[in-house]
Amino acid sequence: MAEISTFANTVYELVKQIPRGKVSTYKNIALALNKPGASQAVGQALRKNPFAPEVPCHRVIASDFSLGGFFGSKTNLDKKIQLLKEENIQFDLNEIKKCPKYRKSILFFLT
DNA sequence: GTCGTGACTAGCC
DNA sequence: CGGCTAGCCACGA
């Protein structure tokens, strides 16, 4: 097993707690860790993602509801994400941007 | 112990 | 409105 840093470990747990059909933002997670500025550090933890299938990194997006950088850019999760988006998440940024209220509905607020 | 990176955020031009 | 810079935190080398 891989030894994970305490910080990353917390991030993974939070992300894993995200229910199906909902998403969270890096900042939100960082805030949950009481580190409002560690948003990037959170992303780093997910980038390593030792719990790949367990931690739905695709459910974590930027605070602006942007895809941050995984979809069809750096990683080839492309199809994986697409599947998840259709099966688990209504990750239609188009819809989200159109309906600000809707995005809040799918936004899973961590504490 | 120091430097550089990274899937970020907010502010500034 | 759009692009760029600076700042933030954590981790790897």
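Values in this document were obtained by computation on a predicted structure and should not be read as measured data.
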J.: Specify the closest pair of heavy atoms between Ala30(A) and Ala38(A), including all atoms of both residues, with the distance to one decimal.
T.: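 In this case the closest contact between Ala30(A) and Ala38(A) is CB-C, 3.7 Å.
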J.: Which protein N or O atoms sit under 3.5 Å from an N or O of nucleotides 10-13 of chain B?
T.:
| from | atom 1 | to | atom 2 | distance (Å) |
| --- | --- | --- | --- | --- |
| dA10(B) | OP1 | Lys27(A) | NZ | 2.2 |
| dA10(B) | OP2 | Ser63(A) | OG | 3.4 |

J.: To the nearest 0.5 Å, tell me how far Phe51(A) CZ sits from Cys57(A) SG.
T.: 12.0 Å
J.: Determine yes or no for a side-chain-to-main-chain donor-acceptor pair under 3.5 angstrom, with Thr25(A) supplying the side chain and Asn28(A) the backbone.
T.: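 Pair found, side chain donor or acceptor close to backbone of Asn28(A).
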J.: How many Å lie between CD1 on Ile61(A) and C1' on dT9(B), as a whole number?
T.: 14 Å
J.: Please round to the nearest 0.5 Å and tell me the distance separating atom CZ of Phe7(A) and atom CD of Gln44(A).
T.: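 The CZ atom of Phe7(A) sits 9.5 Å away from the CD atom of Gln44(A).
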J.: What's the CG-P distance between Leu67(A) and dT9(B), to the nearest Å?
T.: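 Leu67(A) atom CG is separated from dT9(B) atom P by 12 Å.
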J.: Which heavy atom of Lys16(A) sits nearest a heavy atom of Pro56(A), and at what distance?
T.: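 Shortest heavy-atom contact: CA-CD, 4.2 Å.
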J.: Check the distance between dC8(C)'s P and Leu31(A)'s CG and give it to me in whole angstrom.
T.: 16 Å
J.: Between Leu33(A) (CG) and dC8(B) (C1'), how many Å, whole number?
T.: 14 Å
J.: With respect to Leu14(A), which candidate in Val55(A), Leu33(A), Val60(A) satisfies the side-chain contact (heavy atoms from CB on, under 4.5 Å) definition?
T.: Leu33(A)
J.: Rounded to the nearest 0.5 Å, what's the gap from CG on Asn49(A) to NE2 on His58(A)? Could you check?
T.: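 Spacing of CG (Asn49(A)) from NE2 (His58(A)) equals 8.5 Å.
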J.: Can you name the closest pair of heavy atoms from Tyr26(A) and Gly43(A) and give their distance?
T.: CE2-CA, 3.6 Å
J.: My understanding is that only one of Thr10(A), Val42(A), Leu46(A) makes a side-chain contact (heavy atoms from CB on, under 4.5 Å) with Val15(A); could you say which?
T.: Leu46(A)
J.: Just the dot-bracket of DNA chain C, please: which string comes out with Watson-Crick or G-U pairs under 3.5 Å, [ ] for crossing, | for another strand?
T.: .||||||.|||||
J.: Distance from Gln17(A) atom CD to Ile29(A) atom CD1, nearest 0.5 Å?
T.: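 The CD atom of Gln17(A) sits 10.5 Å away from the CD1 atom of Ile29(A).
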J.: Distances under 3.5 Å only, N/O to N/O: pair up the protein atoms with those of nucleotides 9-13 of chain C.
T.:
| from | atom 1 | to | atom 2 | distance (Å) |
| --- | --- | --- | --- | --- |
| dC9(C) | O4' | Gly37(A) | O | 3.3 |
| dA10(C) | OP1 | Lys35(A) | NZ | 3.2 |
| dA10(C) | N3 | Gln44(A) | OE1 | 3.2 |
| dC11(C) | OP1 | Ser5(A) | OG | 2.9 |
| dC11(C) | O3' | Lys48(A) | NZ | 2.9 |

J.: Measure OH/Tyr26(A) against P/dC8(B) and give the value in whole Å, please.
T.: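 Rounded to whole Å, this separation is 6 Å.
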J.: What is the separation between atom CG on Asn28(A) and atom C1' on dA7(B), rounded to the nearest whole Å?
T.: 16 Å
J.: Minimum heavy-atom separation for Leu107(A) and Ser24(A), please, with both atom names.
T.: CD2-CA, 3.7 Å
